[in-house]
Amino acid sequence: MKAVRKIELTIRQEQIIEIVKANGPITGEQIAEKLSLTRATLRPDLAILTMSGFLDARPRVGYFYTGKSGSQLSEKVNNVIVKEYQSIPVVVSESSSVYDAICTMFLEDVGTLFVVDAHASLVGILSRKDLLRASLGKQQLETMPVSIIMTRMPNITMCQEDDLIIVVAKRLIDKQIDALPVVRKFDAGSGFEVVGRITKTNITKLLVDLASDDLI
Ligand code: ADP
């Protein structure tokens, strides 16, 4: 994995953080005074430090130290695992008809279905457009099995419960897909059991939690 990008602070920005840590809440004017600089000179530095989360500013109170930093935020993101955000998977059998799969997609309100064989082992995946494409033809949807239109193993992108969610998010982007199954290898023999689902919605939820500080 790529190294976490840390925000590089200037010496002056480091000095400002130290001043606010020791004296906060403190006004911009007072910080400037301690550094023998003008308030205007400090404005860009204070903007960077508040935007990156090192400092917070309250009107008529001043600046105070949040105890957080850009790198701490990255650290949080880089520690979240799939298990904490996965949803319940929706599966259909490989002998199901395309018609039934479409009904399941509507009833379960999901955008991706996982296809399993008689041993509950993952064999395929169906997206909205896979089903739409099948509906465009003149074929009988009630008799057409999903197995002939699904994307099948071994071409399925999967993840496991203890994978880092940020790695899975990158996988969704790289492969240009909306969802992937969370799987566990069957104890005996080969094949994978589907235990969860990660979609772009789960990743969006993580983003919202980060913004509302639930993870910090
Ligand atoms: P849509 O087709 O509705 O835009 P996706 O972008 O998720 O939805 O799917 C694009 C194609 O990739 C479909 O043919 C689908 O079967 C396949 N696909 C979806 N998810 C996966 C996955 N996790 N692994 C492999 N192929 C997938």
Side-chain angles (χ1 to χ4, degrees), residues 1-2 74 76-211 215:
M1 222 176 78
K2 255 197 309 205
S74 318
K76 286 286 171 195
V77 179
N78 282 302
N79 276 317
V80 179
I81 58 168
V82 163
K83 203 177 187 169
E84 298 170 58
Y85 277 84
Q86 71 188 38
S87 303
I88 294 165
V90 178
V91 300
V92 293
S93 138
E94 62 182 336
S95 58
S96 304
S97 68
V98 171
Y99 182 89
D100 284 341
I102 294 173
C103 293
T104 305
M105 198 173 261
F106 275 105
L107 286 172
E108 302 286 345
D109 197 15
V110 290
T112 307
L113 297 172
F114 306 125
V115 185
V116 293
D117 66 13
H119 308 287
S121 182
L122 177 68
V123 289
I125 197 156
L126 292 162
S127 73
R128 293 181 180 102
K129 273 186 227 139
D130 291 333
L131 296 173
L132 266 179
R133 197 180 303 114
S135 316
L136 286 175
K138 302 242 179 315
Q139 299 97 326
Q140 281 292 314
L141 301 184
E142 288 89 344
T143 52
M144 188 197 300
V146 291
S147 53
I148 65 167
I149 65 157
M150 68 190 188
T151 299
R152 53 181 59 246
M153 283 293 246
N155 300 320
I156 299 181
T157 306
M158 310 179 288
C159 68
Q160 303 204 2
E161 284 163 303
D162 52 4
D163 283 345
L164 289 176
I165 200 138
I166 192 69
V167 173
V168 174
K170 283 182 191 145
R171 221 174 274 167
L172 284 176
I173 292 170
D174 290 346
K175 304 273 179 180
Q176 301 187 342
I177 48 178
D178 292 342
L180 43 79
V182 184
V183 299
R184 257 183 235 156
K185 213 165 171 27
F186 279 120
D187 290 339
S190 58
F192 296 93
E193 175 192 10
V194 186
V195 296
R197 173 170 58 102
I198 287 285
T199 69
K200 288 179 177 171
T201 306
N202 301 114
I203 310 287
T204 309
K205 165 100 175 33
L206 167 64
L207 178 69
V208 171
D209 286 353
L210 283 170
L215 271 173

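Nothing fancy with the numbering, it's 1 onward along the sequence. Both ligands and their constituent atoms are indexed starting at 1 by order of listing.
Within a 6.0 Å sphere centred on CG of L136, heavy atoms belonging to other residues, nucleotides or ligands number more than 12. More than 12 non-hydrogen atoms from other residues, nucleotides or ligands lie less than 6.0 angstrom from NZ of K200.
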In a table with atom names and distances, give each donor-acceptor pair under 3.5 Å that connects a side chain of residues 107-119 to protein atoms at least two apart or in another chain.
residue	atom	partner	partner atom	Å
D117	OD1	H119	N	2.8
D117	OD1	A120	N	3.3
D117	OD1	S121	N	3.0

Which pairs of donor and acceptor atoms, one on a side chain in residues 122-130, lie under 3.5 Å apart (sequence neighbours left out)?
residue	atom	partner	partner atom	Å
S127	OG	K129	N	3.4
S127	OG	D130	N	3.2
S127	OG	D130	OD2	3.2
D130	OD1	R133	NH1	3.4
D130	OD2	S127	N	2.9

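Listed by chain and residue number, the protein contacts of ligand 1 are I125, S127, R128, K129, D130, T151, N155, I156, T157, Q176, I177, D178, A179, L180, P181 (heavy atom within 4.0 angstrom).
Distance check, rounded to the nearest 0.5 Å: CD1 of I166 to CD1 of I203 gives 7.5 Å.
Shown here are the salt bridge (charged side-chain N to carboxylate O under 4.0 Å, His left out) partners of R184, two or more places apart in sequence or in another chain: E161.
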